[in-house]
**Q** 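Before I ask anything, let me first share the structure, which is written out below as structure tokens.
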Amino acid sequence: MESAPAVIVAIDGPSGTGKSSTSKAVAAQLGLSYLDTGAQYRAITWWMVTNGIDVDDPSEIAAVAGKPDIVSGTDPAGPTITVDGVDVAGPIRTQEVTAKVSAVSAVPEVRARITELQRSIAAAAEKGIVVEGRDIGTTVLPDADLKIFLTASPEARAARRSGELKNADVHATREALIKRDAADSNRKTSPLAKADDAVEVDTTDLTLPQVIECVVTLVEEKRAAK
Ligand code: DC
């Protein structure tokens, strides 16, 4: 049997829409690689914090943006992330990193560096890849075979994030989410945005298996048409 052609899938949207769970499951089901680009921005933010860089000073961030060596493992069954050889999968999820990641990821030198890394990872994925983030369909991989933009109401997103964070206050989570989305959507360089040719999927009233099935079907249709 001929092997399926490589397929590049871009999945964008704000936090709490089920992007990571969906992207990982779709990649696993279809035998594709998986890249969590938010983890890369979190990793460079972790490095800045750990090295005492003032994250309120874009010029200080820009001057050292090329220093950390960030490596992403793209197996959807066990994605990994290291900085200068250190496993940072846990430390990049702390509240401190979450609170600072929007400021760091708004710096153009950081975006240029991470975007280049993302493109080289996508190009090396022989069977294809699912890449999730905020600007994948618009900026990183504008020629992706399929672009999905996931949305959900702020209430649904806050409830999901609070569930993930175990007993977090839903109201506080909702406020923090809205603040981070506004920062990510309003920055000058490649903001969170839906590409004109992306398929929008509102996940507010869908279960995770329903969202996965919807995206898998869309990928299979694209593959069949290649
Ligand atoms: O998906 P996440 O919540 O782990 O992403 C963390 C932050 O990284 C998010 O607030 C904005 C930034 N980000 C970005 O600017 N561009 C991307 N492609 C992915 C994430």
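Just so you know, ligand 1 is whichever comes first in the structure, and atom 1 is the first atom listed for that ligand. These numbers come from a predicted model, not from an experiment.
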**Q** Are any non-hydrogen side-chain atoms of Val131 and Leu141 less than 4.5 angstrom apart?
**A** yes
**Q** Could you note down all residue pairs passing side chain to side chain donor-acceptor pair (under 3.5 Å) where residues 202-212 supplies at least one of them, sequence neighbours left out?
**A** Arg160-Thr203, Asp202-Thr204, Thr207-Gln210
**Q** Sequence neighbours left out, what pairs pass side chain to side chain donor-acceptor pair (under 3.5 Å) with at least one residue falling in residues 129-141?
**A** Ser20-Glu132, Tyr34-Glu132, Arg111-Asp135, Asp135-Ser190
**Q** Holding to salt bridge (Lys or Arg N to Asp or Glu O under 4.0 Å), I want the full list of residues that pass it with Glu96, two or more places apart in sequence or in another chain.
**A** Lys100
**Q** Tell me if a side-chain donor or acceptor on Ser21 pairs with a main-chain N or O of Gly18 at a distance below 3.5 Å.
**A** no
**Q** Using a 4.5 Å cut-off on heavy atoms from C-beta on, say whether the side chain of Ile81 contacts that of Gln40.
**A** yes
**Q** For ligand 1, what is the set of protein residues having any non-hydrogen atom at a distance below 4.0 Å?
**A** Thr37, Gly38, Tyr41, Arg42, Arg93, Val101, Ser102, Ser105, Arg111, Gly133, Arg134, Asp135, Ile136, Arg180, Asp184, Arg187
